[in-house]
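Heads up, the thing below is written out as structure tokens.
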Amino acid sequence: TNTSDSEITFDLRYYNASANTSIYLAKNGVLAAGGQHVNVSNTNTLVLNVNDYIAASSSADSSIDAIVTYEESDV
């Protein structure tokens with residue numbers, strides 16, 4: 001969610017530690033003031049391994065709130 005009073009651009013990326021690469025889930029996305037972006041719905045899954053992570057960045061400092069829902073499982 002864009003928490004600022006202005007339009008922002010944002011990136012959402014997944015870092016794969018074993019391959020040492022990043023994959024953009026959204027690049028240069030645009031959010032209006034108060035706008036929201038939903039990237040992965042409850043019917044899709046993204047499997048993260050040890051040291052993998054998801055990062056959100058914005059064109060304006062302190063302008064994005066991000067919520068990630070996850071399920072941990074033993075293998």
Working to the nearest 0.5 Å, report the span between [atom1] of [X] and [atom2] of [Y].
X   : Y   : atom1 : atom2 : value
L12 : L25 : CG    : CG    : 4.5 Å
H37 : N2  : NE2   : CG    : 13.0 Å
S6  : L31 : OG    : CG    : 12.5 Å
Y14 : D52 : OH    : CG    : 3.5 Å

Nearest non-hydrogen partners of A56 and A66, listed with the distance: CB-CB, 4.5 Å
Where V50 and A17 come nearest, the two heavy atoms and their spacing: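 For V50 and A17, the tightest heavy-atom pair comes out as O-CB, 4.0 Å.
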Remaining members of the apolar cluster that contains Y15, side-chain heavy atoms under 4.5 Å: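 For the cluster that includes Y15, the remaining residues are Y53.
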Residue list, side-chain hydrogen bond (donor to acceptor under 3.5 Å, both in side chains) with S57, at least two apart or on another chain: none
Which residues share a side-chain hydrogen bond (donor to acceptor under 3.5 Å, both in side chains) with S18, sequence neighbours left out: N16
Side chain to side chain contact (heavy atoms under 4.5 Å, CB included) between E7 and V30, intermediate numbers included: CA-CA 7 Å; E7 181 178 277; V30 177; 3.3 Å; yes
Any D11 side-chain heavy atom under 4.5 Å of N28 side chain: yes
Pairwise side-chain contact, L48 with I54, heavy-atom cut-off 4.5 Å (strictly under):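 Sidechains of I54 and L48: in contact.
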Pair S63-S58, side-chain donor/acceptor within less than 3.5 Å: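 Yes, S58 and S63 have a side-chain donor paired with an acceptor closer than 3.5 Å.
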